[in-house]
2 protein chains.
Amino acid sequence: MRDVAAAAGVSLKTVSRVVNNEPGVTGAVRERVQAAAERLDYRHNLAASNLRRSGSRTGVIGVLVQDVANSYSAGLLRALEDAMRVHDVMLVAGSLDETTARERAMVTNLISRRVDGLVIVPASPRQDYLEPEIRAGLPIIFADRAPRGIDTDSVIVDNALGAYQAVDHLLARGHRRIAVLTDSASIATADERVRGARAAFAKHGLELPGDLLVRGHADQQGAAATVHRLRELPDPPTAIFAGRNAISKGTLQALAERGERESVAVVGFDDFPMADLLQVTVIRQDVAKLGALVAARLLERIAGDTTPPIRIVLPPTLIPRGSGEIPPPAA
Amino acid sequence: MRDVAAAAGVSLKTVSRVVNNEPGVTGAVRERVQAAAERLDYRHNLAASNLRRSGSRTGVIGVLVQDVANSYSAGLLRALEDAMRVHDVMLVAGSLDETTARERAMVTNLISRRVDGLVIVPASPRQDYLEPEIRAGLPIIFADRAPRGIDTDSVIVDNALGAYQAVDHLLARGHRRIAVLTDSASIATADERVRGARAAFAKHGLELPGDLLVRGHADQQGAAATVHRLRELPDPPTAIFAGRNAISKGTLQALAERGERESVAVVGFDDFPMADLLQVTVIRQDVAKLGALVAARLLERIAGDTTPPIRIVLPPTLIPRGSGEIPPPAA
DNA sequence: TTGAAAGCGGTACCAT
DNA sequence: ATGGTACCGCTTTCAA
């Protein structure tokens with residue numbers, strides 16, 4: 001910038017004015033500066049610029065999701081991007097893979113980068129470590145999962161309700177041997193889904209069969225293995241509630257391998273690509289809406305809103321597509 | 001930082017040493033400084049830090065893809081993230097949606113943020129506007145699509161070969177009325193795929209039926225509409241080569257609606273989630289490998305490598321899953 | 001309308 | 001082992 005000033009024969013400040021499109025510069029001078037900048041391949045340095053600027057914003061927010069390659073996370077990312085773009089805010093994204101350490105590390109990193117805000121789909125059991133940041137006024141919104149140990153804005157999905165809907169849907173069609181497959185019990189969301197499933201059984205005066213509740217599925221392969229095992233039981237499940245994206249896929253894979261796609265009912269939590277073509281009944285969370293709400297709240301916070309934290313809970317929807325409407329085999 | 005220094009009763013420089021884990025500080029002093037930093041909720045400012053640092057790196061790279069919500073883009077993003085994480089580099093990601101303007105805007109923005117490097121899946125027809133940056137030594141790697149009007153590192157997929165494989169696969173099974181559906185002709189990749197398709201016909205001494213080559217599909221719905229239209233022709237296609245992810249989906253959707261999933265052959269370019277369960281034959285690009293190669297090259301460049309640009313071309317693979325092996329109806 | 005000087009949060013260099 | 005001071009690239013404040 002100094003070079004540009006010298007080349008244009010003006011002061012530093014004038015160049016700064018031109019670069020930032022500030023008033024107070026004659027047309028002629030402005031053009032001379034722009035020409036010099038062009039000639040010297042000058043590139044404005046935003047970091048330095050923000051350093052001195054008063055209520056400076058970096059124009060970047062941090063977004064920590066489970067896995068950017070997962071369709072749900074990717075959809076959330078995209079919704080956030082679209083909402084933030086109109087405000088000229090970019091996203092730095094990170095995949096947590098359900099690891100607490102990574103969440104902590106990335107949050108620390110993002111904070112040292114002075115992001116304008118944080119969107120977190122938490123992987124850690126508690127987030128009280130964020131207390132100082134909140135107090136310092138850093139806008140943080142939790143998405144998809146509620147924060148623990150701290151009071152912050154959050155936009156989440158009613159997991160228990162979704163699971164309730166799914167299992168109730170199956171019970172209403174006569175199923176009793178319903179398997180419930182979820183991910184690691186350390187993930188709060190999984191617990192809520194189990195709770196919802198139990199509630200559905202309770203409503204019908206029944207209980208979730210203990211041998212059919214299997215937790216701790218890390219990936220598609222694990223879920224597939226479980227389905228194979230359960231279907232070999234003397235009294236196998238006639239329906240399966242898959243508590244997550246990847247688990248649904250593993251379930252379908254296993255059933256396809258066994259040639260049981262048409263005979264075993266399946267309802268999955270989370271919609272996923274091609275689920276419609278595969279005729280899979282799912283509990284859909286409206287990611288676009290979730291993202292939009294998160295972005296809106298974040299923008300308000302960034303704009304200076306200091307009202308008490310808000311919790312928004314979105315109801316999921318059951319989308320019947322066939323797999324969840326398969327009746328139990330005639331007794 | 002000044003406050004921390006005051007609180008700990010040491011100089012600024014000493015605090016700096018402690019924060020950066022530099023040697024030359026006694027254990028006692030170090031602890032005193034850390035305690036003060038903790039107490040004051042001190043947060044290191046990376047932007048300011050990098051300002052003075054010599055060969056400073058920001059630890060951020062920009063990644064511009066088509067659409068972060070698209071499984072292919074998301075997979076690339078994830079592969080890059082994994083490779084860069086071990087070097088403590090974060091990703092700021094953006095979706096271009098095939099718009100030239102957005103590409104330019106985001107590149108400009110990222111440069112003013114002084115990213116350490118750029119990974120671009122170009123949406124613009126030419127990228128010579130990047131010439132000054134390249135000259136200035138900014139590492140830029142093109143992924144998936146070759147750069148135009150500029151000589152830079154690139155890791156791309158052999159699109160013509162993939163299309164050739166797909167169409168040859170169908171021709172070998174007796175199909176002659178093969179529809180070729182691609183996206184906008186302004187996208188170089190699409191052209192190459194058409195070229196590959198023509199080459200396959202040529203090999204068999206045939207020509208691609210002009211009425212069955214349909215370009216310009218923007219999304220799944222458009223592709224579905226085209227399939228419906230083509231199948232209503234007096235001499236409809238017996239096989240379809242879908243030139244992209246979304247087009248494959250639209251094709252499957254339309255065929256499913258028509259109850260023709262079992263009778264019309266389909267080969268798609270790009271693998272996609274659940275394609276295996278849907279038994280769709282595809283031309284697979286190894287995104288993980290692509291991402292790993294891109295990351296490796298980028299890291300070399302960031303480390304100071306100034307050798308001439310490298311072009312890597314990955315061969316895609318045909319994955320037969322059923323849909324591409326459907327024979328034409330007996331004449 | 002334009003410029004000079006101070007300072008943002010930190011690091012480099014050289015003393016002490 | 002620690003501190004002083006210049007300085008990174010730019011904006012702010014205030015004077016010209």
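In the text below, chain A, chain B and the rest are named by the order of the sequence lines, each starting its count at 1. For the numbers below, each heavy atom of this structure counts, side chains included, while hydrogens, waters and symmetry mates do not. Being a predicted model, the structure only gives us computed values, none of them experimental.
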Partner set under side chain to side chain contact (heavy atoms under 4.5 Å, CB included) for A/A47, not counting sequence neighbours: A/N45, B/A47

Going by side chain to side chain donor-acceptor pair (under 3.5 Å), name the residues that satisfy it together with A/N109, two or more places apart in sequence or in a different chain. A/R113

Return the set of residues passing side chain to side chain contact (heavy atoms under 4.5 Å, CB included) with B/I310 (not counting sequence neighbours), or none when no residue passes. B/D153, B/R297, B/I312

In numerical order, the residues of residues 29-37 of chain A whose heavy atoms come under 4.0 Å of DNA chain D are none

Starting at CZ of A/R114 and ending at P of C/dG10, how long is that distance when rounded to a whole Å? 7 Å

Partner residues of A/S11 under the side chain to side chain contact (heavy atoms under 4.5 Å, CB included) criterion, sequence neighbours left out: A/K13, A/T14

Can you sort out the partners of B/T100 under side chain to side chain contact (heavy atoms under 4.5 Å, CB included), two or more places apart, ordered by chain and number? B/R104, B/S124, B/P125

A/T58: what forms a side chain to side chain donor-acceptor pair (under 3.5 Å) with it, not counting sequence neighbours? A/D116

Distance-only check: which donor-acceptor pairs under 3.5 Å involve side-chain atoms of residues 21-41 of chain B, not counting sequence neighbours?
from	atom 1	to	atom 2	distance (Å)
B/R30	NH2	B/E22	O	2.9
B/R32	NH1	B/A8	O	2.4
B/D41	OD2	A/R135	NH1	3.4

Under 4.0 Å: is that the gap between some side-chain N or O of B/R53 and OP1 or OP2 of C/dT11? yes

For B/D183, which residues count as a salt bridge (Lys or Arg N to Asp or Glu O under 4.0 Å) partner, sequence neighbours excluded? B/R244

Here the distance between atom C1' of D/dT11 and atom CZ of A/R52, to the nearest Å, is 6 Å

Quantified as the angle between the terminal helix axes (five pairs each), what is the overall bend of the helix from C/dT1-D/dA16 to C/dT16-D/dA1 to 10 degrees? 30°

For B/D97 and B/T99, which I'm curious about, is there any donor-acceptor pair between the side chains at under 3.5 Å? no

Which donor-acceptor pairs under 3.5 Å do the side chains of residues 138-145 of chain A make with protein atoms, sequence neighbours left out?
from	atom 1	to	atom 2	distance (Å)
A/D144	OD1	A/Y72	OH	2.7
A/R145	NH1	A/E98	OE1	3.1
A/R145	NH1	A/P122	O	2.7
A/R145	NH2	A/E98	OE2	2.8

Could you state the atom-to-atom distance from CG of A/D3 to P of D/dG9 in whole Å? 9 Å

So which of residues 5-27 of chain A are in contact with DNA chain C, with a heavy-atom cut-off of under 4.0 Å? A/V10, A/S11, A/K13, A/T14, A/R17, A/G24, A/V25, A/T26

